[in-house]
There are 2 protein chains.
Amino acid sequence: MSRRLQDILAKLQERDYKLTPQRQHVVQVLLNHTDKHLSAEEVYGLVKAKNPDIGLATVYRTLELLSELDVLQKLDFGDGRSRYEFADETHHHHHLICLSCGIVEELEEDLLEPLEHRVAESRGFLVTDHQVKFYGYCRACRQKNDA
Amino acid sequence: MSRRLQDILAKLQERDYKLTPQRQHVVQVLLNHTDKHLSAEEVYGLVKAKNPDIGLATVYRTLELLSELDVLQKLDFGDGRSRYEFADETHHHHHLICLSCGIVEELEEDLLEPLEHRVAESRGFLVTDHQVKFYGYCRACRQKNDA
DNA sequence: CTTCCTGCAAAAGATTTGCACACGA
DNA sequence: TCGTGTGCAAATCTTTTGCAGGAAG
């Protein structure tokens, strides 16, 4: 069992949630696809491939639980379903969403901190998190159309 | 009929869309609530109060059409339904979403341009739009809890 | 007239919930 | 054991769609 998986399961135990096989399978699938932004249905399909007895509702309940525990972050890319990625409290990243092919790239940047402080001062609004999405056209689509 | 309404209806005509009363009523309701971020259901309720014969599907179709024409921008605040505001090509603003009471405040800022250029250069990704959401706690909620 | 629009009702798709049973701690 | 967790199916909620009738240009 991987280090990361153990960490997450420990986080569940801390709060008196049980370490059921279903929860482990969901986490494992997410760990195997950290490069993607899986939807509930996709997680369900991947878990089911190896463990056919899991129910879709359980997947939803697990993803919801992990989001509440800040293990996952629930994302919305405007395609009508929620997607999930591991939350990383120390390092925010943002998303580049291609309007042509729909691919979602990640962008490592964190220059919003000064802005967050300014917002706190001028508005009294305490920022605890932010989400940034850039829409546009990815390199591949641009080359295809320029050609 | 207000200037703004005329402009929008003209934009429809330009592209050979008909100026039906239903479309006018939807736009009028949005103009009367520029301070809010109305959902389709809310627009429907407001239009129906004065013009009971409109259908919900028509409201959805009109909001969709206006979004395609860049008259409106479709927003997602994570509450499970889409919300709409007038699009302003020249001046982006972002949203402060309170995790406690759910209120959405607006923030006038546009310091993402330099970042957009950097993304274009380093990734070949042409940014045409962006959306920024800050999550946290608004002044009112903070005072309520500090007290 | 003729094509675009509309209202209604049904369909579709994602997520949630009720409930009886199963199983971790 | 015993309360939490699960699977299944039904319910819910938002949004979309098919279709027959209606109206704008």
Side-chain angles (χ1 to χ4, degrees), chain A residues 1 5-6 8-29 37-69 71-72 74-84 102, chain B residues 1 8-29 37-69 72 74-84:
Chain A
M1 173 155 55
L5 178 54
Q6 281 182 23
I8 294 168
L9 297 182
K11 213 160 185 169
L12 283 173
Q13 274 190 312
E14 274 171 32
R15 316 229 191 163
D16 291 324
Y17 291 109
K18 294 180 179 166
L19 303 189
T20 68
Q22 289 89 337
R23 286 173 180 166
Q24 296 185 38
H25 295 143
V26 167
V27 173
Q28 189 59 65
V29 158
H37 302 96
L38 299 177
S39 66
E41 195 84 36
E42 286 165 351
V43 171
Y44 175 61
L46 289 165
V47 172
K48 204 165 174 104
K50 298 215 163 194
N51 305 83
D53 282 351
I54 196 169
L56 177 58
T58 298
V59 172
Y60 272 103
R61 284 185 281 228
T62 301
L63 293 173
E64 178 66 25
L65 174 61
L66 294 174
S67 298
E68 270 166 24
L69 297 182
V71 170
L72 296 179
K74 196 175 185 173
L75 301 169
D76 179 278
F77 294 139
D79 63 346
R81 73 210 66 182
S82 293
R83 297 181 170 278
Y84 299 82
Chain B
M1 176 155 52
I8 294 168
L9 296 181
K11 211 160 188 171
L12 284 172
Q13 273 190 314
E14 273 170 33
R15 317 230 189 161
D16 292 325
Y17 292 108
K18 294 179 178 167
L19 304 187
T20 68
Q22 289 90 335
R23 286 174 179 167
Q24 296 185 37
H25 295 144
V26 167
V27 173
Q28 189 60 66
V29 157
H37 302 96
L38 299 177
S39 67
E41 195 82 38
E42 286 166 348
V43 171
Y44 175 61
L46 288 165
V47 172
K48 204 165 174 104
K50 297 214 164 193
N51 304 83
D53 282 351
I54 198 169
L56 178 58
T58 299
V59 171
Y60 271 102
R61 284 185 281 232
T62 302
L63 293 172
E64 179 65 25
L65 175 61
L66 294 173
S67 298
E68 269 167 25
L69 296 181
L72 297 180
K74 197 174 185 173
L75 301 170
D76 179 277
F77 294 139
D79 63 347
R81 72 211 65 184
S82 293
R83 298 182 170 277
Y84 300 83

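In what follows, chains carry the letters A, B, and so on, assigned in the order in which the sequence lines appear, proteins first and then strands, with residues in each chain numbered from 1.
Considering only side-chain atoms of Ala40(B), the nucleotide from dG5(D), dT15(D), dC8(D) that sits closest is dT15(D). Counting only heavy atoms from C-beta on, Lys18(B) has its side chain closest to dG25(D) among dT14(D), dG7(D), dG25(D). Closest to the Arg61(A) side chain, of the nucleotides dT17(C), dT6(C), dT14(D), is dT17(C).
For Arg23(A) against dG24(C), no side-chain N or O and base N or O form a donor-acceptor pair under 3.5 Å.
OP1 and OP2 of dT4(D) both lie 4.0 Å or more from every side-chain N or O belonging to Thr20(A). In this model, the phosphate group of dT16(C) is not approached by any side-chain N or O of Tyr60(A) to a distance below 4.0 Å at OP1 or OP2. Proximity of Gln22(A) to the phosphate of dC23(C): no side-chain N or O atom is located under 4.0 Å from OP1 or OP2.
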Inset, instruction - Take Glu41(B) and Leu56(B) through the test side chain to side chain contact (heavy atoms under 4.5 Å, CB included) and record every step on the way to the result. - result: CA-CA 7 Å; Glu41(B) 195 82 38; Leu56(B) 178 58; 4.1 Å; yes
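Arg23(B) is not listed as a side-chain neighbour of Val26(B), based on a closest heavy-atom distance of 4.5 Å or more. The closest side-chain heavy-atom distance from His37(A) to Tyr84(A) is not below 4.5 Å.
Using a 4.0 Å heavy-atom cutoff across all strands shown, Ser82(B) reaches sugar-phosphate atoms only and no base atom. At the heavy-atom level, Leu19(B) lies under 4.0 Å from the strands shown only through sugar-phosphate atoms.
When the shell of 6.0 Å around OH of Tyr17(B) is examined, it contains 12 or fewer heavy atoms from other residues, nucleotides or ligands.
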